[in-house]
**Q** 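What follows is a single structure, and I will ask about it in a moment.
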Amino acid sequence: MDIAKIVGIGLLAGIMINLLKQHKPELAMQLSIATGVMLFILMVSRVMDVVDVLQTLGTRAKLDQAHMGTVLKIIGIAYVADFGSQVLQDAGEKSVASKVEMAGKVLIMLLAVPIVLAIVDTVMKLLG
Amino acid sequence: MDLTMLFRISGVGFIVMVMATMLKQAGRDEQGQMVSLIGVLLVLVLVVTQLGYLINLAKTVFLIQ
């Protein structure tokens, strides 16, 4: 029953963060960062399994390995950017959070360009 | 299941909180500021190592080179 463990840790950390927030908001923010990292570490083995399934699906569909790699990279960048912006929003820094999200989107767009080109090529081939 | 990091950071936070308010009552406000500053720095060291660990983990998991 992993989910119970996760929810337990989350609630426990939430209580401690609220307790710390009145007097030491900076420590509360760092505690929330640490909790986020811990919850991700708990989930990392399952994320690995999901990534393996994606890889096998990609090879079975005879997709170009480079595209699968970029898709995974995009997921990773999206996750890290979201982690950062959520923590910043918790700390009340909405403007910085939106900047971090914007940077994440730009990086993802950069990575997505070759895939878009590939799609356009295949579509043209189908039509042409 | 390393809950220790969570308890370590919150422990430092609580101790710093209590000591700062105690020092404030005792009239030693500067020492109180010093204590909270040191507390923040100590927790910062712990959290930054955790963040480094997270970024490396994300690199390995999502196959970012």
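Per chain, numbering begins at 1; letters A, B, ... match sequence-line order.
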**Q** Drop me the distance from B:Gln50's CD to A:Met38's CE, to the nearest 0.5 angstrom.
**A** 8.0 Å
**Q** Chain B: which of A:Val71, A:Ile77, A:Ile75 shares the most heavy-atom pairs with it under 4.5 Å?
**A** A:Ile75
**Q** Between A:Ile15 and A:Met29, is there shared hydrophobic-cluster membership here, with clusters defined by ILVMFWY side-chain heavy atoms closer than 4.5 Å?
**A** no
**Q** Which atoms of A:Leu19 are under 4.5 Å from chain B, going by heavy atoms: the side chain, the backbone, both sets, or neither?
**A** both
**Q** Hey, could you give me the CG/OG1 distance between B:Leu63 and A:Thr70, rounded to the nearest 0.5 Å?
**A** 11.0 Å
**Q** With side chain to side chain contact (heavy atoms under 4.5 Å, CB included) as the test, pick out the partner of B:Ile9 among A:Leu20, A:Leu31, A:Ile33.
**A** A:Leu31
**Q** Going through the distances and angles, do A:Ile41 and B:Tyr53 end up as a side-chain contact (heavy atoms from CB on, under 4.5 Å)?
**A** CA-CA 9 Å; A:Ile41 289 170; B:Tyr53 187 60; 3.3 Å; yes
**Q** For A:Gln30, is it the side chain, the backbone, both, or neither that has a heavy atom closer than 4.5 Å to a heavy atom of chain B?
**A** both
**Q** Between B:Val12, B:Thr60, B:Leu57, which residue shows the highest count of heavy-atom pairs closer than 4.5 Å to chain A?
**A** B:Leu57
**Q** Can A:Ile115 be reached from A:Leu54 by stepping across I, L, V, M, F, W or Y side chains whose heavy atoms are under 4.5 Å apart?
**A** yes
**Q** Non-hydrogen atoms of chain A under 4.5 Å away: do they reach the side chain of B:Leu46, the backbone, both or neither?
**A** neither
**Q** If Ile, Leu, Val, Met, Phe, Trp and Tyr residues are connected whenever their side-chain heavy atoms lie under 4.5 Å apart, and connections chain through other members, are B:Ile38 and B:Met19 in the same group?
**A** no
**Q** Within the structure provided, determine whether A:His23 and B:Val18 are in side-chain contact (heavy-atom separation under 4.5 Å).
**A** no
**Q** Measuring from A:Ile9:CD1 to B:Leu3:CG, what's the distance to the nearest 0.5 Å?
**A** 4.5 Å
**Q** Are there over 12 heavy-atom neighbours, none belonging to B:Met34, within less than 6.0 Å of that residue's CE?
**A** no
**Q** Indicate if B:Ile55 and A:Val37 have the same hydrophobic cluster label, given that clusters are the connected sets of ILVMFWY residues with side-chain heavy-atom separations under 4.5 angstrom.
**A** yes
**Q** If you define the side chain from C-beta out and look only at heavy atoms, does anything of B:Phe62 sit under 4.5 Å from A:Ile74?
**A** no
**Q** Tell me, for B:Phe14 versus chain A, whether the close heavy atoms (under 4.5 Å) come from the side chain, the backbone, both or neither.
**A** both
**Q** Counting only heavy atoms closer than 4.5 Å, note whether B:Val47 contacts chain A via side chain, backbone, both or neither.
**A** side chain
**Q** Do A:Lys24 and B:Val16 come within less than 4.5 Å of each other through their side chains, counting heavy atoms only?
**A** yes
**Q** Given the rule that I, L, V, M, F, W and Y join up when any side-chain heavy atoms are under 4.5 Å apart, are B:Leu54 and B:Leu44 in one cluster?
**A** no
**Q** Quick one: closest heavy-atom pair of B:Gly13 and A:Leu27, and the distance?
**A** CA-CD1, 3.5 Å
